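See below for the structure under consideration.
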Amino acid sequence: MEQKKNNIILVGFMGTGKSVVGKKLSRVLKRELVDTDSLIEKKAGKSIPKIFSEDGEEHFRGLESEVAKEVSKKKNCVIIAGGGIVLREENIRVLKTNGILICLEASPEVIYERVKNDTYRPLLQVKDPLQKIRDLLEYRKKYYDRADYFIDTSELIIDEVVDEIMKYEMSKSKVQNPK
Ligand code: S3P
């Protein structure tokens, strides 16, 4: 019988590589890929920038919590979570019921380089995005610290991050299912 595995949930700040790493990981592990931002857009029937501008961030966070609950019922998936999903304790709690939280990290400068031409992230459409990244990272540190494992992607290529996650996942499942 195929064993049901925990979800691998990628959390972390915008621009830390969750999407590219999640896509590769789901291909390599042959697991379903789930993206909370896409599910939120589907639910709202509009893009994330539109949700923020028309309904506000709080409304977005409400939809994000609904989606966190829904995806936490799944098993065996790779879940790419939006950068702010950790801001609500309830989200962390439900996601952890069926998965491990891997937090991808990067320095503010690297994040800035990765996102500077992006217009799809409402929180960074400000005059000084680098400073905003620094401020948000500092404020959010305590929330990201709730993750189970941390990988600094600043100087890694996608395959190296994927390998590290797979090693961690294997070590966890050995502990959970000792022979
Ligand atoms: C956000 C991150 C975004 C998206 C929204 C808010 C955040 O997702 O959910 O713009 O608060 O950090 P990514 O981390 O995938 O960019």
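A quick note: this is a predicted structure, and the numbers were derived from the prediction, not measured. Atoms within each ligand, like the ligands themselves, are counted from 1 in listed order. Along the sequence shown, residues carry numbers from 1.
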Please verify the inter-ring angle class for Phe13 with Tyr144; under 30° counts as parallel, over 60° as perpendicular, anything in between as tilted. perpendicular

Any side-chain heavy-atom pair from Ile165 and Ile8 closer than 4.5 angstrom? yes

Determine yes or no for a side-chain-to-main-chain donor-acceptor pair under 3.5 angstrom, with [X] supplying the side chain and [Y] the backbone.
X      : Y      : result
Arg114 : Gly15  : yes
Asp152 : Ser154 : yes
Asn7   : Asn76  : yes

Under 3.5 Å donor-acceptor pairs involving side-chain atoms of residues 86-93, not counting sequence neighbours:
unit_1: Arg88; atom_1: NH1; unit_2: Ser65; atom_2: OG; d: 3.0
unit_1: Arg88; atom_1: NH2; unit_2: Glu58; atom_2: OE1; d: 3.3
unit_1: Glu89; atom_1: OE1; unit_2: Arg146; atom_2: NE; d: 3.3
unit_1: Glu89; atom_1: OE1; unit_2: Arg146; atom_2: NH2; d: 3.3
unit_1: Glu89; atom_1: OE2; unit_2: Arg146; atom_2: NH2; d: 2.6
unit_1: Asn91; atom_1: OD1; unit_2: Ser65; atom_2: OG; d: 3.0
unit_1: Asn91; atom_1: ND2; unit_2: Ile85; atom_2: O; d: 3.0

Show the distances, to 0.1 Å, for all pairs joining an N/O atom of ligand 1 and a protein N/O atom that are shorter than 3.5 Å, listing one pair per line.
unit_1: ligand 1; atom_1: 8 (O); unit_2: Asp37; atom_2: OD2; d: 2.8
unit_1: ligand 1; atom_1: 9 (O); unit_2: Asp37; atom_2: OD1; d: 2.7
unit_1: ligand 1; atom_1: 9 (O); unit_2: Asp37; atom_2: OD2; d: 3.2
unit_1: ligand 1; atom_1: 11 (O); unit_2: Arg61; atom_2: NH2; d: 2.7
unit_1: ligand 1; atom_1: 11 (O); unit_2: Arg140; atom_2: NH2; d: 2.8
unit_1: ligand 1; atom_1: 12 (O); unit_2: Gly84; atom_2: N; d: 3.3
unit_1: ligand 1; atom_1: 12 (O); unit_2: Arg140; atom_2: NH1; d: 2.8
unit_1: ligand 1; atom_1: 12 (O); unit_2: Arg140; atom_2: NH2; d: 3.4
unit_1: ligand 1; atom_1: 14 (O); unit_2: Lys18; atom_2: NZ; d: 2.5
unit_1: ligand 1; atom_1: 14 (O); unit_2: Gly83; atom_2: N; d: 2.9
unit_1: ligand 1; atom_1: 15 (O); unit_2: Asp37; atom_2: OD2; d: 3.3
unit_1: ligand 1; atom_1: 16 (O); unit_2: Arg121; atom_2: NE; d: 2.7
unit_1: ligand 1; atom_1: 16 (O); unit_2: Arg121; atom_2: NH2; d: 3.3

